[in-house]
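Worksheet: the structure to be examined is printed underneath.
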Amino acid sequence: MEITSKPARRDFLKASAAVGGGLSLGVSLTLGSKVAAAKVASQQKTVATNSPNAWIKIGTDNTITIMCARSEMGQDVYTSMPILVAEELGVDVNKVKVEFAEPAEVYINALLGGQITGGSTSVRDAWEKLRKAGASARMMLVGAAAKEWGVDAATLKVTSDGVVTGPGGKKATFGSLAEAASKMEVPKDVPLKPYGSWTQIANKAQKRLDTKAKVEGTTALFGIDTKVPGMLYAAVVMPPMIGGKVASYDDSRAKNMPGVKAVVQYSRGVAVVADSYWQAKKAKDLLQVTWDEGPNANNDMRKVWSGLKEASMQPGAVFREGGDVDAAMKGAARLFEATYELPFLSHSPLETMNTVADVRTNGVTIITPTQFQQLVPFVVAGAVGMKPEQIKVVTTFLGGGFGRRVEVDYTIDAAEISKAVGAPVKMLWSREDDMTHDSYRPGGYYKVQMAVDAAGKPVAYRYHGTSPSISSRLFPSIVKDGIDPFSVEAIDNFPYAVKNHKLTYQMFDAGITPGYWRGVSHNLNAYVVEGFIDEVAHAVGKDPIQYRIDNLEYEGEKHKWSGLSAGIPVGGRMKTVLEQVREKAGWMKAKLPDGRGQGVAVMEGYNTVMAAVVELSVTKAYDVIIDKVTYVVDAGPLVHPDQALAQIESCTIFGMSACLYGEITVKNGGVEQTNFDQYRVVRMNEAPKSMAVHFLSPAKDQPPGGLGEPATAVIQAAIGNAIFAATGIRVRKMPFSPENIKGASMKA
Amino acid sequence: MIVAFNLNGKQVSTDVAPDTPLLWVLRDTLGMTGTKFGCGKALCGACTVHLNGQATRSCQTPIGVVAGQKVTTIEGIPMTHPVKKAWVALDVPQCGYCQSGQMMSAAALLASNRKPTDADIDAFMSGNICRCGTYTRIRAAIKAAAA
Ligand code: FES
Ligand code: FES
């Protein structure tokens, strides 16, 4: 479907979509489909360039630029994407330039249906596509040389800096061939290098291409660093309660402050625009705004939790079912049950939300750190009353994303403010703005039951999750029959074989804006699934790793809702990672001191299978200290091994911050935490003392799995299980704060 | 108010309200964007610079107190500095946003402590948040720079 020109602010995508074999958000954002050659070429000022395809442009001076169509937020697409192109193009990735691509249809992420960076899909989506782009460009360039020289293309070679060489010392640069090449027919069948014969993919010594710039500190990299001529600075006041609106405001003091150019109201709040950010910020502190408090004015955590618990009494929507759970439970030897309470969380990337917007009468430029550049023209066009084609979007580096920057709210704000003052504006949020106007990892209330036979073997499993639905707000069309695919990850693909099972989901709007947060519902469901199986294993007196292995599901039906997952049971892969992690982590090998324990968790997400063993200590004051983390990861081929490792390191810390400290609460309808003193995150002294990550060698022709997110979920479950091993306390309410651990010990 | 100070070895002067944090003078007035904003409350360390050689949160340093002092920012640390060399060698940055502050803290730590222990690193670096979780590599890079 088409995006209407005036989209609703929040429900911005009324998309049609198909789930399964990729999760299409079904966004049809048609915008200059012929972007490749013409548009790209016009950016280059001095040197003429030619583009054999949308991914590569070649200057007449033989500078080779590879377009990066995903947003660099730390996860290394700035290097991993070009590696894929360069491998088949035949040039050394360290000798090319990299540019972020503008929004265009050709850059759509097939796994998500939009030009989006998220869902751990960048490498998975690019794997064939970018190698083919490189190979086909190479064929065209070599073909052009062969034609010019009148020789067989098969006799020609390409050097690592982009020169075609031929018999008799013939030489031509890509730069000199590119024009002819770009006029050639695009080859249909492009052979790729045989699996594993790569020279650049899987190169352990390859460095990141953006490290130098990020270490120098002299280059303007991030959205917040953007400066354009005549630019003013905006600081904003937004409603403290979620869903509130400006009723009226008094700017008599603010507008007389030094440097202030204007005070303007925009859809969401009031902005002070000044010559510098500090002047704007000082003046905005003097604004008096009264609020129309909206529907959530009285919301607080008591209401949120009683609402979730009440909603959990509803039957919910069935997303997976087999056998007869009720009958099996009646006849079973033992029945276990538990409930879990998981909190709301903030993304809080270190760079707060910001955008530079320059709204002119004939067009708009938006310079912004975004994970979803393709959507920006549509929402901004709606906000300023222009056409999407009139909106140019430039993507900067992102100072962290974690899913927050899939949302484009802040680009709309900046555009409205720029339009109101008639000048280019950099809108920057304070940390307080950012933390209280996030979209939050939804909390949830989970009820689970498992029945086992006399031997301890599971015979029935009942899972009922209640949580806010993110997609109902952002991509309502992918929500079907009461199921949000992004609420049932890591449970739709429940990995254990239990003949009688019934899995249900109940959505509930808690009045706290829910958002996609690194790992999304994997974090919720994996903790419940892996925490509960651990409980049962202990209760029936089995070793937690062996109990998992003994009960894995090896084959069975396709998973209906797991659009970004393997989609089929992966028992074999899980068995391997569990066996290996048992070995590598020294599972139960040594007698550990009091208060120290090991916990395990396993999960498949994004077609990556991983197991983690955490060894930790719990102090007398119930503080948790992570001593050692061991992973075994089956993620297929690693395009850039060192950065695959970096993603596991990153997810580990991110998941630790969440499960040890993370909790967003509301009072009077607004978020209470405003800065890092109230929303604690892991710091250097809390990072694991030791971490080991073992990647399995890929099976032949195995495609890559996603790595940007899954460990975030796995680590949390493993920590919870290790806390039990260390203390005998099963903590079913996150975070694992001293208060909650102590609370759980008293209940037990 | 005109404030003159030494920035990365050069005399500079700026005319802003004396309560303006050094962070915003660097970023907006002087166009030195290497120093980052993360919290504005001395909680995250993204804005760390050296004031007379000491690691200082520039978001909490009014420009008035900088008059006549010596300020070093990430732009003033050469790529040949052991800290920057180690950061490059180990590919420490992910998103990179916190890294100016991390390197400024690390450089200050090493200037006062040639062989920091793990406990020294914990104590000195725990004021710098990295949301991407690069702590393991930061620790390794500090040790490499110290070697
Ligand atoms: S911005 Fe200064 S410490 Fe965070
Ligand atoms: S590298 Fe992203 S915050 Fe540290």
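In what follows, every chain begins at residue 1, and chains take the letters A, B, ... in the order their sequences are listed. Atoms considered below: every heavy atom in the structure, side chains included; atoms not considered: hydrogens, waters and symmetry mates.
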Only one of B/Val25, B/Thr29, B/Asp19, B/Val16 clears side chain to side chain contact (heavy atoms under 4.5 Å, CB included) with A/Trp278; which?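 Between A/Trp278 and the candidates, side chain to side chain contact (heavy atoms under 4.5 Å, CB included) is satisfied uniquely by B/Asp19.
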
Chain B contact via [X] - side chain, backbone, both or neither, heavy atoms under 4.5 Å:
{"X": "A/Leu428", "result": "side chain"}
{"X": "A/Phe676", "result": "both"}
{"X": "A/Leu350", "result": "both"}
{"X": "A/Tyr78", "result": "neither"}
{"X": "A/Lys281", "result": "neither"}

Picking from [options], which has the most non-hydrogen pairs under 4.5 angstrom with chain B?
{"options": "A/Thr652, A/Asp76, A/Val215", "value": "A/Val215"}
{"options": "A/Lys214, A/Met684, A/Met691", "value": "A/Met684"}
{"options": "A/Gln643, A/Gln647, A/Gln75", "value": "A/Gln643"}
{"options": "A/Ser650, A/Ala213, A/Ser657, A/Ser430", "value": "A/Ser650"}
{"options": "A/Met231, A/Gln279, A/His347, A/Glu72", "value": "A/His347"}
{"options": "A/Ser276, A/Ser348, A/Pro349", "value": "A/Ser348"}

Got a second to check how far [X]'s [atom1] is from [Y]'s [atom2], nearest 0.5 Å?
{"X": "B/Cys39", "Y": "A/Asp434", "atom1": "SG", "atom2": "CG", "result": "12.0 Å"}
{"X": "A/Glu686", "Y": "B/Ser126", "atom1": "CD", "atom2": "OG", "result": "8.0 Å"}
{"X": "A/Ile224", "Y": "B/Thr33", "atom1": "CD1", "atom2": "OG1", "result": "9.5 Å"}
{"X": "A/Glu649", "Y": "B/Thr136", "atom1": "CD", "atom2": "OG1", "result": "5.0 Å"}

Contact winner vs chain A - B/Gln99, B/Met79, B/Met32, B/Gln102, heavy-atom pairs under 4.5 Å: B/Met79

Is [X] salt-bridged to [Y], going by a charged N under 4.0 Å from an acidic O?
{"X": "A/Asp225", "Y": "B/Arg27", "result": "yes"}
{"X": "B/Lys36", "Y": "A/Glu351", "result": "no"}
{"X": "A/Lys227", "Y": "B/Asp28", "result": "no"}

Mind running side-chain contact (heavy atoms from CB on, under 4.5 Å) on B/Lys41 and A/Asp677 for me, showing each step along the way? CA-CA 9 Å; B/Lys41 295 268 168 68; A/Asp677 50 347; over 6 Å; no

Toward chain A, the part of [X] with a non-hydrogen atom under 4.5 Å:
{"X": "B/Thr134", "answer": "neither"}
{"X": "B/Ile121", "answer": "both"}
{"X": "B/Asn128", "answer": "backbone"}

If the contact rule is any heavy atom under 4.5 Å from chain A, which residues of residues 48-65 of chain B qualify, in numerical order?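 Contacts with chain A: none.
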
How would you list, in number order, the residues of residues 83-96 of chain B that have a heavy atom less than 4.5 Å from chain A?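 Expected list: B/Lys84, B/Trp87, B/Val88, B/Ala89, B/Leu90, B/Asp91, B/Pro93, B/Gln94, B/Cys95, B/Gly96.
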
Any side-chain heavy-atom pair of B/Arg131 and A/Val682 under 4.5 Å: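 Heavy-atom side-chain distance check fails, nothing below 4.5 Å.
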
For the backbone of [Y] and the side chain of [X], can you confirm whether one donor and one acceptor N or O come within less than 3.5 Å of each other?
{"X": "B/Arg139", "Y": "A/Ala687", "value": "no"}
{"X": "A/Asn675", "Y": "B/Leu43", "value": "no"}
{"X": "A/Arg431", "Y": "B/Gly38", "value": "yes"}

Hey, could you give me each pair passing ring-ring contact (aromatic ring centres under 6.0 Å, His included) that has a residue in residues 103-146 of chain B? Not counting sequence neighbours.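 Those involving residues 103-146 of chain B do not exist here.
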
Show every ring-ring contact (aromatic ring centres under 6.0 Å, His included) that has at least one partner inside residues 94-123 of chain B, sequence neighbours left out. A/Phe222-B/Tyr97

Is it true that atom NZ of B/Lys70 has more than 12 heavy atoms of other residues, nucleotides or ligands lying nearer than 6.0 Å?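 No, NZ of B/Lys70 has 12 or fewer neighbouring heavy atoms, counting only those of other groups under 6.0 Å.
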
Shortest non-hydrogen contact from B/Cys132 toward A/Met73: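 Nearest pair, atom of B/Cys132 first, then A/Met73: SG-O, 4.3 Å.
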
Write down the atom of A/Trp429, the atom of B/Phe37, and the distance for their closest heavy-atom approach. O-CE2, 3.6 Å

For salt bridge (charged side-chain N to carboxylate O under 4.0 Å, His left out), just list the numbers for B/Asp118 and A/Lys689, CA-CA rounded to whole Å, side-chain angles, deciding distance to a tenth of an Å, and then say yes or no. CA-CA 9 Å; B/Asp118 278 327; A/Lys689 301 279 168 284; over 6 Å; no

